[in-house]
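The structure displayed is predicted, hence computed values, not measured ones.
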Amino acid sequence: MKANPAETLEQFEQDYPVILPIRVAWGEMDAFQHVNNVSYLRYFESARIAYMEAMHMEADIKKSPVGPILGDIYCRYRRPVFYPDTLHIGTKVSEIDEFGFVMEYQAFSEKQKTVTTLGYCKIVMLDYRTGQKVTVKGDILDKILKLQPELLTS
């Protein structure tokens with residue numbers, strides 16, 4: 001895992017430029033009475049889309065044949081989450097490389113007042129016409145750096 005869990009809500013809010021609140025649904029509980037592991041991948045997906053919306057990155061292949069595709073994803077469960085609760089899913093880009101970037105996630109529980117879940121994923125930029133990777137540059141890179149200018153100095 002790349003980032004250490006935030007120790008306070010204030011630190012969490014400073015560390016993540018996009019935070020998506022998600023209310024835990026009763027139906028996300030499993031037989032062991034906590035949120036099922038697969039639910040976190042959905043939470044991360046929703047947060048990833050919220051980040052892309054904050055970048056003003058359209059998901060419209062007709063307008064631009066180049067777009068993001070999920071290369072891999074990782075999730076670390078630190079504490080079980082129970083209904084009712086609201087998780088605040090923080091999302092940021094932590095690394096940019098030639099063909100993509102790494103996004104990090106943390107889920108901060110309102111009820112437990114701590115980070116319960118950590119995650120990251122690798123996003124690859126793909127030309128959907130050719131199926132080939134393309135470099136992260138131009139408009140996409142500018143949009144990430146506008147949202148997270150601190151990446152320029154790291």
Side-chain angles (χ1 to χ4, degrees), residues 1-25 28 35-79 81 85-110 112 114-154:
M1 187 68 238
K2 311 243 184 265
N4 292 324
E7 295 187 21
T8 65
L9 180 58
E10 292 76 24
Q11 179 191 355
F12 175 78
E13 289 173 341
Q14 288 175 358
D15 288 348
Y16 290 91
V18 176
I19 298 174
L20 179 68
I22 297 178
R23 293 192 60 186
V24 172
E28 293 168 331
V35 174
N36 185 272
N37 60 314
V38 74
S39 296
Y40 295 93
L41 298 181
R42 288 189 199 111
Y43 300 158
F44 293 168
E45 175 186 52
S46 294
R48 187 167 53 253
I49 298 303
Y51 187 97
M52 303 236 177
E53 288 172 346
M55 285 175 49
H56 304 288
M57 184 178 207
E58 294 179 330
D60 187 350
I61 294 175
K62 292 175 187 162
K63 288 185 179 179
S64 173
V66 173
I69 190 166
L70 185 65
D72 66 24
I73 191 162
Y74 169 86
C75 189
R76 178 169 172 245
Y77 309 98
R78 296 182 69 231
R79 302 175 67 123
V81 173
D85 200 349
T86 297
L87 295 175
H88 296 265
I89 312 298
T91 308
K92 68 180 177 181
V93 169
S94 59
E95 291 176 36
I96 301 172
D97 63 28
E98 185 178 8
F99 298 109
F101 46 92
V102 174
M103 297 186 88
E104 291 190 22
Y105 311 100
Q106 289 191 17
F108 193 97
S109 162
E110 278 187 10
Q112 298 181 49
T114 192
V115 172
T116 62
T117 316
L118 305 167
Y120 66 88
C121 72
K122 172 67 177 179
I123 298 293
V124 178
M125 296 307 295
L126 189 76
D127 184 324
Y128 287 96
R129 295 170 302 192
T130 65
Q132 299 297 309
K133 296 186 291 188
V134 296
T135 58
V136 177
K137 60 183 177 183
D139 190 44
I140 293 169
L141 181 58
D142 291 345
K143 288 177 178 183
I144 292 170
L145 295 176
K146 185 175 182 182
L147 194 57
Q148 290 187 251
E150 71 277 6
L151 288 171
L152 284 169
T153 59
S154 57

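- For the pair V93/V102, no side-chain contact is recorded, criterion being any heavy-atom separation below 4.5 Å from C-beta on.
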R79/S109 under side chain to side chain contact (heavy atoms under 4.5 Å, CB included): CA gap, chis, key distance, verdict: CA-CA 10 Å; R79 302 175 67 123; S109 162; over 6 Å; no
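- Among all heavy-atom pairs drawn from L126 and G131, the shortest one is CD1-O, 3.4 Å.
- Atom CD1 of I144 is separated from atom CD1 of I96 by 4.5 Å, given to the nearest 0.5 angstrom.
- Scanning all heavy atoms of the two residues, the minimum distance from A47 to L20 falls at N-CD2, 3.7 Å.
- With sequence neighbours excluded, the residues forming a side-chain contact (heavy atoms from CB on, under 4.5 Å) with A25 are E28, listed by chain and number.
- Put simply, OG on S39 and CG on L87 are 10.0 Å apart, with the number rounded to the nearest 0.5 Å.
- Contacts of E13 classified as side-chain hydrogen bond (donor to acceptor under 3.5 Å, both in side chains), with partners at least two apart in sequence or in another chain: none.
- Remark: side-chain polar atoms of R78 are not paired, donor with acceptor, to backbone N or O of L118 under 3.5 angstrom.
- In this view, D142 satisfies the side-chain hydrogen bond (donor to acceptor under 3.5 Å, both in side chains) rule with no residue, not counting sequence neighbours.
- Partners of P149 according to the side-chain contact (heavy atoms from CB on, under 4.5 Å) rule, which considers only residues two or more places apart in sequence or in another chain, do not exist here.
- Summarising the geometry of Q11 relative to E7, their closest heavy-atom pair is OE1-N, 2.9 Å, with the distance given to 0.1 Å.
- Not counting sequence neighbours, K146 has no partner by the side-chain contact (heavy atoms from CB on, under 4.5 Å) test.
- Pairing each heavy atom of D15 with each of A6, the nearest pair is OD2-CB, 4.4 Å.
- The line from CG of N4 to CD of Q106 is 8.5 Å long, rounded to the nearest 0.5 Å.
- Annotation: the span from I123 atom CD1 to I69 atom CD1 amounts to 9.0 Å, rounded to 0.5 Å.
- Residues passing the salt bridge (Lys or Arg N to Asp or Glu O under 4.0 Å) test with D85, sequence neighbours excluded: none.
- Residues A54 and V18 come closest through the heavy atom pair CB-CG2, 3.8 Å.
- Using a 4.5 Å heavy-atom cutoff, the side chains of P68 and M125 are in contact.
- K133 places no side-chain N or O within donor-acceptor distance of the main-chain N or O of V124, the cut-off being under 3.5 Å.
- Every side-chain hydrogen bond (donor to acceptor under 3.5 Å, both in side chains) that Y51 has, sequence neighbours left out, goes to Q148.
- Side-chain contact between D139 and M57: absent, with no pair of heavy atoms (C-beta onward) separated by less than 4.5 Å.
- For the side-chain contact (heavy atoms from CB on, under 4.5 Å) test, residues two or more places apart in sequence or in another chain that qualify with T135 are E98, F99, K137.
- When the side-chain hydrogen bond (donor to acceptor under 3.5 Å, both in side chains) test is applied to Q14, no partner is found at least two apart in sequence or on another chain.
- Considering only residues two or more places apart in sequence or on other chains, F12 meets the ring pair (Phe, Tyr, Trp, His ring centres under 6.0 Å) condition with Y16, F108.
- Residues I22 and R42 have side chains not in contact (no heavy-atom distance under 4.5 Å, counting atoms from C-beta outward).
- For the pair V24 and Y43, the minimum side-chain heavy-atom distance is below 4.5 Å.
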Verdict with supporting geometry, K122 and D97, side chain to side chain contact (heavy atoms under 4.5 Å, CB included): CA-CA 10 Å; K122 172 67 177 179; D97 63 28; 2.4 Å; yes
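- Judged as a salt bridge (Lys or Arg N to Asp or Glu O under 4.0 Å), and not counting sequence neighbours, the contacts of D127 are R129.
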Working for side chain to side chain contact (heavy atoms under 4.5 Å, CB included), residues K92 and L147: CA-CA 9 Å; K92 68 180 177 181; L147 194 57; over 6 Å; no
Side chain to side chain contact (heavy atoms under 4.5 Å, CB included) evaluation trace for L9 with H88: CA-CA 10 Å; L9 180 58; H88 296 265; 5.5 Å; no
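- Screening F44, Y105, Y74 for a ring pair (Phe, Tyr, Trp, His ring centres under 6.0 Å) involving Y120 leaves a single residue, Y74.
- Closest heavy-atom contact between Y40 and C75: CB-SG, 3.9 Å.
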